[in-house]
Amino acid sequence: MAYWLFKSEPDTFGIDDLKSRGAKGEHWDGVRNYQARNMLRDEVKKGDLLFFYHSNCEVPGIVGIAEVIKSAFPDPTQFNPESKYYDPKATPENPRWFCPQVKFQSKFKSTISLEQLKQIPALQDMALVRKGNRLSIMPVSADQWQFILGLAQ
DNA sequence: GCCAACGTTGGC
DNA sequence: GCCAACGTTGGC
């Protein structure tokens, strides 16, 4: 069992959108970064938990928790010419991008802001708080997970 | 295989 | 909307 942090823009797909999907959850599509892809494809497993992070919004930060309910399968948007995530070099026989299925677990009463996270010495190893970080999928250690959980109300 | 140009992410 | 920090692309 591993822990992760997934970023999403709330205007596009926020934690409330995931909550509305209920027990069936939603597939986490649109990841088009190789480092993130490799983690999704090789390491993110059913039963893993993730912090749901809102980016590009008024208060960027962790807003809740979701659970991986199916490990990665080929991201269908890569085969769809109508999709903004279409990749002409990907084929069903040789898919390039992958997505797991996740479902809502809980939402924090208030956002644990990036500003707050940056000020915690115990979390300075997280890619999230490092300057220029653009990874949309990143691992969270068990210690970091517990520490951040302690900040949630 | 180098690297300039370009595109994207995401905090501010 | 700005722009720093990356990542990707493509000419050579």
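Order of the sequence lines sets the chain letters (A, B, ...), proteins ahead of strands, with each chain counted from 1.
- Regarding A:N133, its CG atom lies at a distance of 8 Å from the P atom of B:dG10, rounded to whole Å.
- The pair A:R37-A:D75 does not meet the salt-bridge criterion, since no charged nitrogen lies less than 4.0 angstrom from a carboxylate oxygen.
- Between the side chains of A:S141 and A:D143, no donor N or O sits under 3.5 Å from an acceptor N or O.
- Whole-Å rounding puts the A:N33 CG to C:dT9 P distance at 11 Å.
- Looking at A:R96 and A:R32, their side chains never come closer than 4.5 Å, going by heavy atoms from C-beta outward.
- Positionally, the nearest nucleotide of DNA chain C for A:N56 lies more toward the 5' end than for the other of A:Y34 and A:N56.
- Remark: A:K7 is not in phosphate contact with B:dT9, judged by side-chain N or O atoms under 4.0 Å from OP1 or OP2.
- Protein atom CZ of A:R32 is 12 Å distant from nucleotide atom P of C:dT9, rounded to whole Å.
- With rounding to whole Å, A:R130 atom CZ is found 14 Å from C:dA5 atom C1'.
- The side chain of A:K84 places no N or O atom within less than 4.0 Å of a non-bridging phosphate oxygen (OP1 or OP2) of B:dT8.
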Derivation and outcome, side chain to side chain contact (heavy atoms under 4.5 Å, CB included), residues A:L114 and A:V59: CA-CA 8 Å; A:L114 176 62; A:V59 183; over 6 Å; no
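- Remark: P of B:dT8 and CD of A:E9 are 13 Å apart, rounded to the nearest angstrom.
- Following rounding to the nearest Å, A:I137 (CD1) and B:dG10 (P) show an atom-to-atom distance of 10 Å.
- Straight-line distance from the CG atom of A:L117 to the C1' atom of B:dG10: 15 Å, rounded to whole Å.
- For A:L128 and B:dG11, the CG to P distance is 8 Å, given to the nearest whole Å.
- For the pair A:Q35 and A:K89, nearest-nucleotide mapping onto DNA chain C gives the more 5' position to A:Q35.
- For B:dT8, the OP1/OP2 oxygens have no side-chain nitrogen or oxygen of A:Y85 closer than 4.0 Å.
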